[in-house]
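All ligand and atom numbering here is 1-based and tracks the order in the structure. Note that the numbering runs from 1 along the sequence shown for the chain. Because the structure is a prediction, the values reported are computed rather than measured.
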Amino acid sequence: MASSDNTVLDQAPCQTLRGVGPRLASLLAKRGIYTLQDILFHLPSRYLDRTHLTPLRDVRAGDYVAIEGTISGHRVSRGAKGSLTCELQDNSGTIHLRFFHFNSEQIRQLCVGTALRCFGEVRYGYQGLEIIHPEYLHLIPGKPLEIDDHLTPIYPSTEGVSQFQWRRLTDQVLAFLTAGAVLSDHLLHVQDKFSLPSLSMALHYVHRPPLDADRQQLLAGVHPMQQRLALEELLAHHLGLTRLRATLQAMTAPVLKGSTALQSQFLAQLPFKLTQAQQKVFTEITADIQRSEPMLRLLQGDVGAGKTVVAGLTLLQAVASGYQSAMMAPTEILAEQHYYNLTKWFEPLGLNIVWLSGKVKGKARTQTLAAIQDGSAHIAVGTHALFQEAVKFKNLALLVIDEQHRFGVDQRLALREKGLQQDYNPHQLIMTATPIPRTLAMSVYAHLDHSIIDELPPGRKPIQTIVLANDKRDKIVARVNEQCLAGRQAYWICPLIEDSEKLQCEAANTTYQQLSAHLPHLKLGLVHGALNVNDKTTIMQAFKNGDIDLLVATTVVEVGVDVPNASLMIIENAERMGLSQLHQLRGRVGRGEAESFCVLMYQSPLSDIAYERLQVMRTTENGFVIAEKDLALRGSGELLGTRQTGTGRLRIASYTRDSILLPIVKEMAQVLLQTQPLVCDALINRWLAEGLEYGQV
Ligand code: ADP
Ligand code: MG
């Protein structure tokens with residue numbers, strides 16, 4: 001082992017540590033962790049509070065709990081999916097413990113009458129609340145177990161690396177640090193100005209909070225030691241995005257002058273007039289694409305705001321300028337819908353629109369690829385298949401990407417490389433229906449320009465949202481029957497089962513069977529993620545044509561599906577879903593003439609936060625309001641978690657909670673970029689595991 005006092009943490013490889021061999025090193029490398037510094041900046045994502053026991057009556061799904069009880073039931077099921085299930089009881093209630101990996105010793109030990117203390121995350125299972133693979137300790141009568149008096153750090157999970165291993169790894173690196181290993185503190189010069197603790201002190205504290213730590217602060221993520229690291233992280237991201245934007249702006253893009261004649265011809269055949277908001281954003285886009293610098297614009301617009309027609313106009317401008325353009329959507333259903341619209345709009349104008357997805361094979365594929373390569377295809381529409389290596393454009397000048405947050409980093413990278421096959425870079429328009437609060441947008445998407453369609457097309461009817469407990473199911477089913485017999489169509493959205501697409505599909509299947517039995521006079525359809533694309537598309541098309549009355553679905557229908565005659569949506573276990581997701585789902589109705597309803601079903605009892613969240617859905621249809629509230633509720637609600645979605649991949653900072661730091665970050669970034677390019681490199685390298693890939697568009 002290297003001697004610790006002169007180890008340079010950002011140089012020393014992980015294998016310097018005891019217990020790290022080639023196997024573990026390669027697992028870590030998969031996560032972008034190569035050096036001791038990388039280990040040190042793999043920060044706890046949360047802390048578990050094992051300092052008190054929760055009575056079983058008060059246990060809720062999603063909570064991490066420490067519980068005690070006696071085993072009152074014990075069952076072993078064999079077969080491929082063998083499991084050991086124990087029922088644990090205290091004097092207030094029961095819960096199930098479920099093991100998928102277990103040995104005969106455990107079967108013997110975990111017998112009825114055994115008293116246990118367990119730790120773990122509670123979830124809903126088929127038999128009610130359960131903990132899968134809890135950690136457990138045996139309780140011995142007359143020998144009380146001590147309860148922890150400090151917080152347990154939990155590290156972001158890495159496949160194959162256990163929490164125990166993470167604690168061992170960080171222990172060793174922290175010891176190196178104590179012994180004087182080298183780790184540059186890039187904020188030393190501002191330490192006094194902002195009364196910051198040193199980097200080393202902050203890291204020690206955050207990895208191993210001492211017994212007297214202010215627990216509330218720490219759990220809420222606002223402890224000064226955490227804020228020291230959060231500031232540095234936000235700074236690194238800001239530097240990264242600024243660099244990225246500068247790199248992209250230094251590239252050249254074709255000037256797209258377009259043709260007003262073609263544009264007028266297109267607009268004249270539309271059955272509606274553009275809203276003012278649509279016109280405004282199109283003007284912004286037009287100004288961008290007429291410059292020789294690549295456009296990098298994020299187009300936000302609530303569900304149903306009419307982003308597609310704006311995209312269409314933009315694609316048309318590229319084609320009218322003699323170039324190709326492309327539109328990509330994350331799912332087959334969505335991409336196909338775009339293809340359908342663009343074909344309907346542009347074929348009458350003499351344009352050639354081609355379709356490419358993974359399922360286009362053989363001769364059709366060869367022809368499509370040829371048309372893209374020789375330029376006879378004016379517009380290519382499809383899924384990420386558009387960006388496979390075999391696809392070569394003759395002169396791609398514009399990319400429209402719908403719902404880009406659904407694309408992985410790899411795909412975004414591939415996409416950028418498409419542009420680089422040519423000696424210029426295409427313009428990029430990124431569309432999202434996920435409303436992003438302003439403060440967030442300015443930071444997370446600091447490298448993009450922003451346009452917002454802040455007005456819905458006229459004539460939209462409000463959607464009535466109703467919140468009901470699951471036990472009112474019969475009533476709801478009767479209502480669905482009534483509406484569908486009257487000629488309307490409905491969606492039935494099945495519960496979200498996190499982490500298991502397979503279980504989710506099985507659950508949807510069961511719901512479909514049950515509803516079919518209860519609704520013999522209706523035609524039902526079922527779509528879920530496990531169906532192959534052909535079947536999915538066929539069913540969606542049948543629903544669109546009105547051949548299916550009730551569509552039972554998992555959340556796959558979330559984005560973009562447009563069936564105006566559907567006026568009723570039922571969402572089961574709505575309390576488990578994010579508000580933005582509910583908003584997207586609900587946006588599938590309220591698109592036609594009839595009055596629309598959305599029924600949010602929940603499993604009682606509801607926690608206060610869950611209740612408040614559903615109330616937000618009931619009282620507003622404004623996506624931005626919903627997004628703001630969602631963030632606010634999540635921020636204050638999830639005391640134990642700093643889990644967040646949709647805000648980039650921050651390790652410790654939170655754009656909302658730490659928004660007070662953003663002006664400081666901006667100021668520091670400006671100074672650093674001008675005076676200390678090497679420090680900028682070091683910070684980006686330290687915090688952005690995949691370097692500049694982050695935020696790449
Ligand atoms: P989103 O922004 O969610 O992608 P779409 O582009 O799918 O929304 O538009 C939703 C619906 O509104 C479509 O049926 C579209 O034809 C219609 N639409 C778009 N713009 C207008 C407008 N200015 N007036 C009336 N209807 C419009
Ligand atoms: Mg859309």
Side-chain angles (χ1 to χ4, degrees), residues 263-264 266-285 297-316 327-346 381-383 399-407 429-436 450-463 489 491 540 543-546 555-567 569 580-594 596 598 621-624 626-627:
Q263 197 177 308
S264 315
F266 166 58
L267 288 173
Q269 61 159 31
L270 276 182
F272 50 75
K273 272 185 55 192
L274 294 188
T275 61
Q276 284 204 343
Q278 284 170 320
Q279 279 169 16
K280 183 194 71 192
V281 301
F282 184 59
T283 308
E284 290 164 358
I285 292 168
R297 188 169 283 278
L298 181 70
L299 173 57
Q300 293 188 64
D302 211 340
V303 191
K307 293 183 290 296
T308 319
V309 72
V310 173
L313 274 167
T314 313
L315 295 164
L316 188 62
M327 181 153 181
M328 172 162 86
T331 68
E332 191 103 9
I333 294 174
L334 199 52
E336 203 155 63
Q337 200 163 279
H338 288 320
Y339 176 65
Y340 172 83
N341 280 322
L342 295 175
T343 308
K344 188 179 67 186
W345 289 338
F346 297 143
V381 187
T383 58
L399 276 167
V400 176
I401 308 159
D402 199 4
E403 301 291 346
Q404 88 129 31
H405 61 284
R406 298 190 155 238
F407 288 103
L429 180 67
I430 295 133
M431 308 202 291
T432 178
T434 307
I436 306 162
H450 299 252
S451 290
I452 302 182
I453 305 183
D454 52 6
E455 167 191 19
L456 292 180
R460 290 279 158 80
K461 300 231 173 63
I463 304 166
Q489 288 169 280
Y491 295 94
M540 288 310 299
F543 188 56
K544 213 169 166 144
N545 298 342
T555 50
V556 297
V557 298
E558 185 185 335
V559 274
V561 179
D562 192 28
V563 182
N565 190 48
S567 60
M569 171 165 284
S580 291
Q581 191 177 19
L582 287 174
H583 178 65
Q584 297 292 314
L585 281 168
R586 181 171 61 181
R588 301 308 110 214
V589 296
R591 295 178 162 235
E593 292 300 308
S596 292
C598 176
E621 264 188 69
N622 181 323
F624 284 88
I626 290 172

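Note: Phe266 and Phe346 have tilted aromatic rings, judged against thresholds of 30 and 60 degrees for the angle between ring planes.
Of all atoms in ligand 1, numbered sequentially from 1 with element shown, those under 4.0 Å from a heavy atom of Leu274 are 23 (N). Annotation for ligand 1: atoms under 4.0 Å from non-hydrogen atoms of Thr275 are 23 (N). Atom numbering of ligand 1 starts at 1 in the shown order; those under 4.0 Å from a heavy atom of Thr308 are 4 (O), 5 (P), 6 (O), 7 (O).
For the side-chain hydrogen bond (donor to acceptor under 3.5 Å, both in side chains) with Asn565, the lone residue among Gln489, Glu593, Arg591 that qualifies is Gln489.
When only interatomic distances are considered, the shortest N/O to N/O separation between Gly306 and ligand 1 falls below 3.5 Å. Of the polar atoms of Gly304, at least one N or O is found under 3.5 Å from an N or O of ligand 1, judged by distance alone.
Ser451 and Glu284 share a side-chain donor-acceptor pair at under 3.5 Å.
Proximity of Ile453 to ligand 1, defined as any heavy-atom pair under 4.0 Å, is not found for any part of the residue. Contacts between Arg460 and ligand 1 below 4.0 angstrom, taking non-hydrogen atoms only, involve the side chain exclusively. Counting heavy atoms closer than 4.0 Å to ligand 1, residue Lys273 contributes backbone atoms (N, CA, C, O) but none from C-beta onward.
To the nearest 0.5 Å, atom CD of residue Glu455 and atom CD of residue Gln279 are 9.5 Å apart.
Taking the side chain as every heavy atom from C-beta outward, Met327 and Leu429 never approach each other to under 4.5 Å.
Judged by the 6.0 Å distance and 45° axis criteria, Lys544 is positioned over the aromatic ring of Tyr340.
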